[in-house]
Amino acid sequence: TKDHQEKQVYIVYMGSLPSRADYTPMSNHVSILQEITGESSIEGRLVRSYKRSFNGFAARLTESERQLVANMEGVVSVFPNKKLKLQ
Amino acid sequence: TTASWDFMGLKEGNKTNRNLSVESDTIIGVFDGGIWPESESFSDKGFGPPPKKWKGICAGGNNFTCNNKLIGARHYAPGNATDSSGHGTHTASIAAGNAVAKTSFFGLGYGTVRGAVPASRIAAYKVCDGECKDDYILSAFDDAIADGVDIITISIGDINVYPFEKDPIAIGAFHAMSKGILTVNAAGNTGPYTASIASLAPWMLTVAASTTNRVFVNKVVLGDGKTLVGNSLNTFDLKGEKFPLVYGKSAASSASEVKCAEDCTPNCLDASLVKGNILVCNIFLPYVAYTTGAVACIFKDGSDWAQIEGIPVSGLQEDDFESLLSYIKSTNSPKAAVLKSETVFNQPAPKILSFSSRGPNIIAADILKPDVTAPGLEILAANSHKALPFYDNTHVKYTVESGTSMSCPHVAGVAAYVKTFHPKWSPSMIKSAIMTTAWSMNASETRYASTEFAYGAGHVDPIAATNPGLVYDSAKADYIAFLCGMNYNATTMKLISGEAVTCTEKSLPRNLNYPSMSTKLSRSYSSFSVTFSRTVTNVGTPNSTYKSKVVLNHGSKLNVKVSPSVLSMKSLNEKQSFTVTVSGSDLDSKLPSSANLIWSDGTHNVRSPIVVYAG
């Protein structure tokens, strides 16, 4: 999952979906990514957005971006995209 | 499954009581390596349209079609939802496959393959394609919960342990539980090592693997007429013909390679000496047997499970292997016949399998894991047309596999079966019903890893699980209190639960209303006393009196006091609380001490293991 810019896919877990009617998970995920990367275009950064049953996203981040997002309000945990196995 | 359901008492067809209309509305979400829709196990003959509650879709990708049995599919790995390894097809059919008669694997295991709930529907979520990434797994949970599945079976795991907030299965299962969906997870195949289990969250049902009374054996008939018995899965019929035996070290490629030739290590054998003969090896490496042109292979096998090989094989236990070597030494032209495997049904069972991952739980030390055990040895179930058992052009519709991957969907199927009788029960009630009615098991060995840390509450009993009498129910708020007790802060808990949480009154993790009771002492005290608080809900008879009984396991020096010792229930769904105080002294620091608490009203026996351990 590493690319040439030393970015790695991380899961940003944000818990339950807020019950506010005006909350749109995808826009929130994009805003967070824009904020931590300082880039207006997040093309290639957002891998997945979790928005139907809980809140979070998977994104390509550098180590410093990972630290930034981990300290943001609303983020429960940030962890590398691990590989599990069939048993 | 031609034997496993019978072994557990879930008989075929009308011999089992079913609530068919509810079963038909039950949806099992299978998170795995995809599925083979064309399998007869997933034919929709006789099925009506999907249940009204179903909100999912068939998005299996190119050339992938669903039907009224396989009602939904999604894939997260590239490609489509088609199963290339056979694993997802196998697990789906164990939980919910149609009953398909006259099935076997080259004659082995002949019978009717079936899931626990053949009338139920399947939704397949392909999260693995060789590897199963966290982001795929979380996507599947995100979708399956919203799609409206009833039970999730996920035969996936890690060899490493992570805190709950960094474990995708624990995260997904928590949100599933919040929506009334029970997640059933394989314990893992990293046993028998202590604390090898990585499926640790209390809101999931974690399943170990054990044997049934059926096993496949195959005979080796020596030239002198003596017969040895291996426990291999040999589908090849050499018609009893005897071939010369060549012990690896006699076929060494050079004098310096004799030692490695004994183990049949690659490049240590002279293929010209092996070709056309039966290769005898201390260690079985299929590749070596194939490439040297051996007609069959006999090897020393200390394991308790067998896998399919592309040539005739027989794995002999050490004593029989030594007999074979003695025979080879005793004659100038040793010969033997390797016979096709046979099925025998007289095995003492269930026994926990060596590979099944063991507790204790190293994240939540006071939660006993695994929760239960189920059949995971040599299970015959559906296969994908793309999965080739012998890595040649041989296709099979049904195949034999072993693992906690196979035991997991057995329990998922049972959970679904229980739910068909009690559609309103919470995930924890279903879990409790399965755990407290499980067959009691005994440690097959004395080692630390062969205790409740191997089999949890015992072996699943599908029929008894539908009528447990009492259940230990836990709601989302109870799990939140449990997490507070594990020192998660209120801010984190609010995010996870979506509700304001006060973590002021810290609940001890051991007081989670769990169907088993376990605690880790911080050290080997000369004396100790710990109390568990529990609440049971009456789901049996309105007017009933339950008396407690404590049965100490062999060698246990625990003192167990239950207060009150009698519970008088006046109505259904009535809840009553009690405490269990366990005291003792000078516990064995190397083995857990255990007992069983049984609440009985004369009809129902509600059994909970109590496990205390140190170190």
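As a basis for the values below, the full set of heavy atoms in this structure was taken, side chains included, without hydrogen atoms, waters or symmetry mates. Just so we're on the same page: letters track the sequence lines, and every chain starts at 1.
- Contact of A:Arg48 with chain B is made through the side chain alone, with heavy-atom distances under 4.5 Å.
- A salt bridge is defined here as a Lys NZ or Arg NE, NH1 or NH2 lying under 4.0 Å from an Asp or Glu carboxylate O, and B:Asp134 with A:Lys82 meets this definition.
- Considering only heavy atoms from C-beta on, B:Ile145 stays 4.5 Å or farther from A:Arg52 through its side chain.
- With a 4.5 angstrom heavy-atom cutoff, B:Ile169 touches chain A only via side-chain atoms.
- Within the 4.5 angstrom heavy-atom criterion, atoms from both the backbone and the side chain of B:Ser139 approach chain A.
- With rounding to the nearest 0.5 angstrom, the NZ atom of A:Lys83 is 11.5 Å from the SG atom of B:Cys132.
- A:Gln87 contributes atom CD, which lies 10.0 Å from atom CD1 of B:Ile154 (distance to the nearest 0.5 angstrom).
- Remark: B:Lys386 NZ is loosely packed, at most 12 non-hydrogen atoms of other residues, nucleotides or ligands lying under 6.0 Å away.
- Among the residues in residues 14-40 of chain A, those with a non-hydrogen atom closer than 4.5 angstrom to a non-hydrogen atom of chain B are A:Met14, A:Gly15, A:Ser16.
- Listed options B:Thr492, B:Asp32, B:Asn189, B:Thr91 were ranked by heavy-atom pairs under 4.5 angstrom with chain A; first place goes to B:Asn189.
- Taken to the nearest 0.5 Å, the OG atom of A:Ser53 stands 11.0 Å off from the CG atom of B:Leu138.
- Heavy-atom pairs under 4.5 Å with chain A peak, among B:Gly498, B:Gly157, B:Cys128, at B:Gly157.
- Taken to the nearest 0.5 Å, the NE2 atom of B:His90 stands 12.5 Å off from the CG atom of A:Leu86.
- Of the atoms belonging to B:Phe141, heavy atoms from both backbone and side chain fall under 4.5 Å from chain A.
- For a residue to count as touching a neighbouring chain, one of its non-hydrogen atoms must lie under 4.5 Å from one of that chain's; by this rule A:Tyr50 touches chain B with backbone and side chain alike.
- In this structure, chain B has a heavy atom under 4.5 Å from the side chain of A:Ile11, while its backbone stays farther away.
- Looking at B:Asn160, neither its backbone nor its side chain comes within 4.5 Å of chain A, counting heavy atoms on both sides.
- Heavy atoms closer than 4.5 Å to chain A are found nowhere in B:Ile159, neither backbone nor side chain.
- Here B:Gly188 is the residue among B:Gly188, B:Gly403, B:Ala186, B:Ser85 with the most heavy-atom pairs under 4.5 Å with chain A.
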Side chain to side chain contact (heavy atoms under 4.5 Å, CB included) evaluation trace for A:Tyr13 with B:Ile496
CA-CA 9 Å; A:Tyr13 173 51; B:Ile496 293 173; 3.9 Å; yes
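- In this structure, chain A has heavy atoms under 4.5 Å from both the backbone and the side chain of B:Tyr76.
- A:Asn81 CG to B:Ile137 CD1: the interatomic distance, rounded to the nearest 0.5 Å, is 9.0 Å.
- Interatomic distance, CG of B:Asp142 versus CZ of A:Phe57, reported as 14.0 Å (0.5 Å rounding).
- Note: A:Gly74 leads A:Gly56, A:Ser49, A:Gly74 in heavy-atom pairs under 4.5 Å with chain B.
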